[in-house]
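Down below is the structure, laid out as structure tokens.
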Amino acid sequence: MNLIDGKAISAKCKAETAEEIKSITASGLRAPCLAVILVGDDPASAVYVRNKKRACEAVGITSLEYLLSADETEEKLLELIDFLNKDESVDGILVQMPVPKHIDPDKVIEAIHPDKDVDAFHAYNVGKLFTGAPRFQPCTPAGVMRLLKESNVEVSGKNCVVVGRSNIVGKPMGALLLAENGTVTICHSRTKDLASFTRNADILIAAVGKPQMITGDMVKEGSVLIDVGINRVGDKLVGDLDFDTCAEKASYITPVPGGVGPMTIAILMQNTLTSYKMRFNLD
Ligand code: GUN
């Protein structure tokens, strides 16, 4: 069994982005800039936003933080997005999800200009992804693809099973695996006999958000197991995989924490650089 070290791969990925930013800005261009908006005071979201700010600092991206109170109106949020859309000094706009219940997340996502949509959540960018010409990478799924690549796991022709069908992870994950010629099955809460699918998976991606729901008896000997789940159980973080029993059968497996988690932000940094380069017609 090989443990996939997401922290090390994320560091490598961020170092590449930092290096490229350094060489571009050496010629006098301004640094790339990411605007992050957080509505409300959900503690987990606050941690994610803080980590994004730190990553920006580490790679040489200017970060703007907008912390709005939990009762801020949808109208005010949309106004702020509109302002940032028009601001030439901003390359990427990210609204941390979830937003409070009185705000429609779909309206928020569609309000962000597709050229600044570094999460790749906007329908235009989702469409680009599914037609095979993505500009921005969906952060978590692209992070998973990078983990597979760095581990020399071949996707082409493999049975790839994704458990979970969210817009943020499951669906775009399927699109990226398909683009690499995997044979993709997406399972979800209504799937009958889940284990009959997971047992056939050469590459299994668990993205459901149910602690330790996939156990060793449900996975194939020698398979590659990627755990996107981050579940708080008591004071511990656990994934969607039951790590110990799954690790006994896996050829490669990601830990939680320290697997997929650190990759999401690394890809976000990459997307912000991509957006900046598009704005300045670089490459
Ligand atoms: N909430 C959980 N994951 C994400 C993400 O990748 N982007 C945003 N904006 N919010 C999230």
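Whatever order the structure lists ligands and atoms in, that order sets their numbers, starting from 1.
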For the 3.5 Å polar cut-off, considering only N or O atoms, please tell me whether Thr140 and ligand 1 meet it. no
Would you check whether Gln96 has a nitrogen or oxygen atom less than 3.5 angstrom from a nitrogen or oxygen atom of ligand 1? yes
Provide the number and element of each atom of ligand 1 under 4.0 Å from a heavy atom of [X].
X      : result
Leu94  : 9 (N)
Phe121 : 5 (C), 7 (N), 8 (C), 9 (N)
Val95  : 8 (C), 9 (N)

Could you tell me how the ring of His122 sits relative to the ring of Tyr124: parallel (under 30°), tilted (30 to 60°) or perpendicular (over 60°)? perpendicular
Please state which protein non-hydrogen atom is closest to [atom] and give its distance, to 0.1 Å?
atom                    : answer
atom 7 (N) of ligand 1  : Asp119 OD1, 3.0 Å
atom 3 (N) of ligand 1  : Ile168 CD1, 4.3 Å
atom 10 (N) of ligand 1 : Met97 N, 3.0 Å

Value rounded to 0.5 Å, distance of [atom1] in [X] from [atom2] in [Y]:
X      : Y      : atom1 : atom2 : result
Asp283 : Met278 : CG    : CE    : 11.5 Å
Leu147 : Asp5   : CG    : CG    : 9.5 Å
Met269 : Ser63  : CE    : OG    : 8.5 Å

Given Met145, which of Leu177, Ile226, Val153 fulfils the side chain to side chain contact (heavy atoms under 4.5 Å, CB included) condition? Leu177
Does atom CZ of Phe280 have more than 12 heavy-atom neighbours from other groups under 6.0 Å away? yes
